[in-house]
Number of protein chains: 2
Amino acid sequence: MSATIKDVAQRAEVSVATVSRVLNNLPGYSEDTKQKVMQAIKELGYQPNAIARGLINKRTQTIGVLFPNVSSSFSSEILHGVEEEAHKHNYSVIVCNTAEDGKRTMKYLQVLREKQVDGIIFSSGVLKEDYYKAMQTMGTPVVLVATKSDYDQVPYVKVDDYQASYDAADYLIRQGHRRVAMIGGSWLDPIAGRPRIEGFRQALKDHGVETRDDLILDGGFSFEGGVAATERLLASVSDVTAVFAAGDEMAIGAISAASRLGISVPEQLSVIGFDNLKLAEMSNPPLTTVSQPLQEMGRLASRKLIAMMESGAPADSEIVPHELIKRRTVCPPS
Amino acid sequence: MSATIKDVAQRAEVSVATVSRVLNNLPGYSEDTKQKVMQAIKELGYQPNAIARGLINKRTQTIGVLFPNVSSSFSSEILHGVEEEAHKHNYSVIVCNTAEDGKRTMKYLQVLREKQVDGIIFSSGVLKEDYYKAMQTMGTPVVLVATKSDYDQVPYVKVDDYQASYDAADYLIRQGHRRVAMIGGSWLDPIAGRPRIEGFRQALKDHGVETRDDLILDGGFSFEGGVAATERLLASVSDVTAVFAAGDEMAIGAISAASRLGISVPEQLSVIGFDNLKLAEMSNPPLTTVSQPLQEMGRLASRKLIAMMESGAPADSEIVPHELIKRRTVCPPS
DNA sequence: CTGAAAGCGCTTACAG
DNA sequence: CTGAAAGCGCTTACAG
């Protein structure tokens, strides 16, 4: 097997304590012995065993990240940011795909505990009480990303969903649209569902535009859902000139559905999305959307978590700015 | 802090050895003491420390996965499969974003070694000699996914790139196209570059279709590259009726470029992609493409790696089947 | 400046 | 069936 600290101590003719000291840049040895030790390390190709180190330090230099779906563009952008920042600070990241249901989350929380991770980033929708309790008993710092919770001990980093949604609707109305629909999430979803619907409604209200319940559909945040909702919408309401989809995939679905129905975007129907995933710019035509800085949010969450882990102090939540990205799917109604 | 095995031993009035036995389902205790131990575990909310366990077992139940870009659809699909299978077998996965250059890879290999991972999945393009050597000295099992190497000790799971490419071109020609272009990778890329170009060429040849070097462009596997290559192509050659893009993002780029030039897909230009990423079905029109079962490849790689780790035996490489997915971007030339 | 020793939380022969 | 002890590869007082 690989060389251990004992082997280098032997070879350098010093004690393991001394080797440990030079390894950790602690004071307490002559330049001479340092050289001997370095030499031995090099000759043996010695690498410290982080496991042994972790056992004694009670720090593993690893964090766990929970996602409902690792392969979604949304999650993987966040993951990218998380990983990047973690790596910069010498932390590794364990990815956990919680799937939709909760069981998997609890299971994962347990393995993260057994593996003694130093911190957790949670992006899996709602932070249920069970999860929160488990995290409490673990005593591990947690930060939420793209979500928030009722527990204000746990900091989050997210966009202002209400305002972002308001801005999207506001933009549509300022372009002249008066009959605008929304394809969103569930009213029961306290993060990406309700707040966005409320922001949408408020914008219409502030502009004196009629808001109708049949103009707000649930697209379940999927492409297929966006397609289906758009078909339903276009079948029942004839004078819609614009739709706000509270997720880019749903927006792309809306464009597909429209195009299949021979309705041209944006000439006959304006579409605005939400997220600004990579696919938004690849869309045909390129999708106008409200951007969430996903990668940056991941980075921020990582940084915040690391600060908590290293200082032991609680951290503040952070609302990151969203931005309207104007591309080619919105124009004034004809 | 959390309870340790000592705490439960005390509470159950047995030795830690006994607790360890029931924890690991080893034989050697009465039903009675088992109950006492279980009870104590429950009361204390005890969870074993995987770090301590790993130190002694020399197994951490974690694997490392290296990707050049975690947030690409391509990588995240693979990651999803890897994670799923790993989790099923009680392994955790550490993600490593190697970025384009090699330095990051070596750095990561080092941390994976220090963290004593049980195995490595490598998806970062070419397995350079440095990487291979480092892996050798680690003595850790490795499997390659969506790539291969000259070292035949290290198994891979991938598609037959040559044949997949051949099939794409063959399909185009059978549809009646006689002037077909390819937007691929670099000839110097031994995995996704050259073999696909060769497969393409051979298909044309076998059908007696003229192959011209100016009809084979490098799109660098990006959307932008696909756009640019298509613009170059369409500016210089007027009679192309079909293009094979060796990556879906490039294919989508081709569609965008064509649409911007007022060329309709597929009526005036057929486009076929490669990969079958999620965005292929979201494309407008939906993209015809050659599918690589990315998630399944991830799962297979994971399974193969776990088999190697647990048996100590080498594993065989595996070529997984590709499939032509016919959607709406290819039709006979008019 | 340096080393012997205890200890992190476990597992595993060994002995009874 | 059960426990005392050694040991995994480190770090960290403590003593000199």
Side-chain angles (χ1 to χ4, degrees), chain A residues 1-38 40-41 44-62 110-111 113-118 138-139, chain B residues 1-38 40-41 44-62 90 110-118 138-139:
Chain A
M1 273 308 287
S2 287
T4 73
I5 197 175
K6 233 170 168 171
D7 299 321
V8 356
Q10 234 153 35
R11 183 168 204 119
E13 300 178 302
V14 297
S15 71
V16 298
T18 297
V19 177
S20 176
R21 287 187 192 102
V22 350
L23 237 33
N24 295 290
N25 273 310
L26 297 175
Y29 43 82
S30 66
E31 181 59 24
D32 199 47
T33 69
K34 174 174 176 176
Q35 290 312 325
K36 278 195 303 182
V37 171
M38 298 294 262
I41 286 174
L44 294 168
Y46 170 75
Q47 305 258 163
N49 180 328
I51 297 300
R53 198 175 255 179
L55 182 57
I56 185 157
N57 290 336
K58 270 123 175 40
R59 311 186 70 259
T60 52
Q61 297 287 124
T62 110
Q110 187 187 323
V111 343
R113 181 178 177 188
E114 292 186 357
K115 295 225 164 122
Q116 316 288 125
V117 298
D118 299 333
M138 289 173 74
Chain B
M1 273 309 285
S2 287
T4 72
I5 198 175
K6 234 171 168 170
D7 299 320
V8 355
Q10 232 152 37
R11 182 167 203 122
E13 299 178 301
V14 298
S15 71
V16 298
T18 298
V19 176
S20 176
R21 286 188 193 101
V22 349
L23 237 32
N24 294 290
N25 273 311
L26 297 174
Y29 44 83
S30 67
E31 181 59 25
D32 200 47
T33 69
K34 174 175 177 176
Q35 290 310 325
K36 279 195 303 183
V37 171
M38 298 294 263
I41 286 175
L44 293 169
Y46 169 75
Q47 305 257 164
N49 180 327
I51 298 299
R53 199 174 255 180
L55 182 56
I56 185 156
N57 290 335
K58 272 124 176 37
R59 309 185 73 258
T60 52
Q61 297 286 124
T62 110
N90 280 105
Q110 186 187 325
V111 346
L112 292 179
R113 180 178 177 187
E114 292 186 357
K115 296 228 163 119
Q116 317 287 129
V117 297
D118 299 332
M138 290 173 72

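We name chains A, B, ... by the order of the sequence lines, and we start the count at 1 in each one. Below, each value reflects all heavy atoms present in this structure, side chains not excepted, and no hydrogens, waters or symmetry copies.
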K.L.:
Is C/dA4 paired to anything, Watson-Crick or G-U wobble with both distances less than 3.5 Å, and if yes, which nucleotide?
P.N.:
none
K.L.:
By the 4.0 Å heavy-atom rule, please label A/S20 as base, sugar-phosphate, or nothing.
P.N.:
base
K.L.:
Output the rounded distance in Å from CG (A/L23) to P (D/dC10).
P.N.:
8 Å
K.L.:
Would you mind classifying the nucleic acid contact of A/P48 as base, sugar-phosphate or nothing, using non-hydrogen atoms under 4.0 angstrom?
P.N.:
sugar-phosphate
K.L.:
Looking at B/K58, I'd like to know whether one of its side-chain N or O atoms comes within less than 4.0 Å of OP1 or OP2 on D/dG9.
P.N.:
yes
K.L.:
Take the protein atom OH of A/Y29 and the nucleotide atom P of C/dT2, then report the distance between them rounded to whole Å.
P.N.:
10 Å
K.L.:
Output yes when at least one side-chain N/O atom of B/T18 is less than 4.0 Å from OP1 or OP2 of D/dG3, else no.
P.N.:
yes
K.L.:
How many Å lie between CD1 on A/I56 and C1' on D/dC10, as a whole number?
P.N.:
6 Å
K.L.:
Looking at A/N57, I'd like to know whether one of its side-chain N or O atoms comes within less than 4.0 Å of OP1 or OP2 on C/dC8.
P.N.:
no
K.L.:
Rounded to the nearest Å, what distance is computed from the CG atom of residue A/L26 to the C1' atom of nucleotide D/dC10?
P.N.:
13 Å
K.L.:
Does A/T33 place a side-chain N or O at less than 4.0 Å from the phosphate oxygens OP1/OP2 of C/dT2?
P.N.:
yes
K.L.:
How many whole angstroms separate atom CD1 of A/I51 from atom P of D/dG7?
P.N.:
22 Å
K.L.:
If only side-chain N and O atoms of B/T4 are considered, is one of them under 4.0 Å from the OP1 or OP2 phosphate oxygen of C/dC8?
P.N.:
no
K.L.:
Sort out the partner of C/dA13 for me: Watson-Crick or G-U wobble, both distances under 3.5 Å, none otherwise.
P.N.:
none
